[in-house]
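Just so you know, these numbers use all the heavy atoms, side chains as well, and skip hydrogens, waters and symmetry mates. Every value quoted in this text rests on a predicted model; they were computed, and no experiment measured them.
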There are 2 protein chains.
Amino acid sequence: MSKTETDFSQRTIEYDDLLAKFKDLLKKNGYKYTIQREVILETLYNCDEHLTPESLHQRIKELYPELKTGIATVYRTLALLETSDMVTSLSFGAQGKKYELGAKEHHDHMICTSCGEITEFVDAAIEARQHDIAKELGFLMQDHSMQIYGICKSCQEKGK
Amino acid sequence: MSKTETDFSQRTIEYDDLLAKFKDLLKKNGYKYTIQREVILETLYNCDEHLTPESLHQRIKELYPELKTGIATVYRTLALLETSDMVTSLSFGAQGKKYELGAKEHHDHMICTSCGEITEFVDAAIEARQHDIAKELGFLMQDHSMQIYGICKSCQEKGK
DNA sequence: GTCGCTGCAAAGTCTTTGCAGAGAG
DNA sequence: CTCTCTGCAAAGACTTTGCAGCGAC
């Protein structure tokens, strides 16, 4: 890693590989491949923001109006993907859950409380400490998440 | 701090001080002191768990049945307290938000994915790193939260 | 062909709001 | 007294479910 221990890289998987993984998952569990499911996966892949079920549905309706994908299918597919650890949900503050593809490297979130922008980061020192703490508390650690809230650079400048 | 950098201490304020702070807050903002509001604050204070609005309401109905406190008042008071930074809300996984009194020292959460138990902790090394990261990203840091998910000791033993 | 999947609409949850009477200041 | 707060019930927002027809395998 570079001069700091903090890393801001993101995607680690090509879409084709992701899709293959998804089809595999479906097959293994006796689920069927459908165009709606692929479109949901693809839209999540092509989107850098964190999406609510509602905004994901909106986006799909714009991109694939001919599919007339229902919101229920979006919810059902997100639940399926989350159960299979292919997407992760986050719930910040008041508004409901937001989803993101889990096909990225593990990372934490820095959230601007002014504009809502979410920046991702990973920090080796923190990751290591988390493992230690879980150990100290006798926990078998499975996962973790961290959020830092603040005002992002551009909002600070706007605020002037 | 002691032999490790991690600290598990909790409450930092006496109830009387907390109540005084609350009354102050009410006065400053032109709100009125009511018994319902105090009871909500007191119940949060006397409870070590993280409560949902529903479970808080339940508990109040049991402790003060003569008040017939409505759930709407619980929601309204929690919103008031949260806006004033006297309580903090957490939203883990699927279930709705849980609230805790902000009158404790800052701390993070370790959550058992099996029994739902929440353990609190603070770690100086992580706290320091968070500040550094915010700085690196040009963020004016306001707050942060961290959760570690895993299986707690007693669930590991039960699992055997 | 079979059986799971989908869209739609209806049903659930959880949370907020409108209102008239109660109560704090 | 005034004006906010409360409980109740109704309304909203967000999710899930039931069902009949469609489509993957």
Side-chain angles (χ1 to χ4, degrees), chain A residues 19-20 22-43 50-61 63-84 87 89-99, chain B residues 19 22-43 50-84 87 89-99:
Chain A
L19 183 58
F22 183 46
K23 286 188 174 173
D24 226 51
L25 168 80
L26 293 175
K27 191 169 291 177
K28 265 195 206 120
N29 293 282
Y31 301 131
K32 290 178 177 172
Y33 165 88
T34 65
I35 186 63
Q36 286 86 349
R37 284 175 173 171
E38 168 163 0
V39 156
I40 289 168
L41 185 74
E42 187 182 345
T43 306
H50 295 68
L51 295 170
T52 60
E54 186 52 56
S55 59
L56 179 55
H57 181 225
Q58 199 53 48
R59 193 170 287 235
I60 289 170
K61 278 203 299 192
L63 296 174
Y64 310 92
E66 72 286 5
L67 279 184
K68 290 201 244 126
T69 310
I71 186 77
T73 298
V74 174
Y75 275 101
R76 284 184 282 227
T77 303
L78 283 174
L80 168 67
L81 288 169
E82 191 173 14
T83 307
S84 320
V87 305
S89 67
L90 304 165
S91 20
F92 305 128
Q95 297 83 269
K97 280 208 257 188
K98 290 188 177 182
Y99 290 82
Chain B
L19 183 57
F22 184 45
K23 287 187 173 173
D24 226 54
L25 169 80
L26 292 174
K27 190 169 292 177
K28 265 196 205 118
N29 293 280
Y31 300 131
K32 291 180 176 171
Y33 165 88
T34 65
I35 185 63
Q36 287 86 348
R37 283 174 176 172
E38 169 162 0
V39 156
I40 289 168
L41 186 72
E42 187 182 344
T43 306
H50 295 67
L51 295 170
T52 60
E54 186 52 56
S55 59
L56 179 55
H57 181 226
Q58 199 54 47
R59 192 170 289 236
I60 289 171
K61 278 202 299 192
E62 283 160 20
L63 296 174
Y64 310 91
E66 73 284 4
L67 279 184
K68 291 200 244 128
T69 311
I71 185 80
T73 298
V74 174
Y75 275 104
R76 283 184 284 227
T77 304
L78 284 173
L80 168 65
L81 288 168
E82 191 173 15
T83 307
S84 320
V87 306
S89 67
L90 303 164
S91 20
F92 304 128
Q95 297 83 268
K97 281 208 253 188
K98 290 188 174 180
Y99 290 82

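In the set C:dT6, C:dG25, C:dC8, C:dC8 carries the atom at the smallest distance from any side-chain atom of A:Lys68. Closest to the side chain of B:Tyr75, from the set D:dC14, D:dT6, C:dT15, is C:dT15. Of the listed nucleotides (C:dT17, C:dT15, D:dC25), C:dT17 has the atom at the smallest distance from the side chain of B:Ala72. Of the candidates C:dG25, D:dC5, C:dT6, the closest approach to any side-chain atom of B:Tyr33 belongs to C:dG25.
Judged by atom type and distance alone, A:Arg76 does not reach the base of C:dG4 through any side-chain donor-acceptor pair under 3.5 Å.
Within the structure, every side-chain polar atom (N or O) of B:Thr34 is placed at least 4.0 Å from both OP1 and OP2 of D:dT4. OP1 or OP2 of D:dG23 has not a single side-chain nitrogen or oxygen of A:Gln36 nearer than 4.0 Å.
Look at CG on B:Leu67: it is 11 Å from P on C:dG23, rounded to the nearest Å. Remark: P of C:dC14 and NE2 of B:His57 are 14 Å apart, rounded to the nearest angstrom.
Under the 3.5 Å distance criterion, the side-chain polar atoms of A:Ser55 are left unmatched by any main-chain donor or acceptor of A:Leu51.
The residue among A:Ala79 and B:Gly70 whose nearest nucleotide of DNA chain D is located toward the 5' end is B:Gly70.
Across all strands, B:Leu78 comes closer than 4.0 Å to no nucleic acid atom at all (heavy-atom distances). Residue B:Lys32 is classed as a base contact, given a heavy-atom separation below 4.0 Å to a base.
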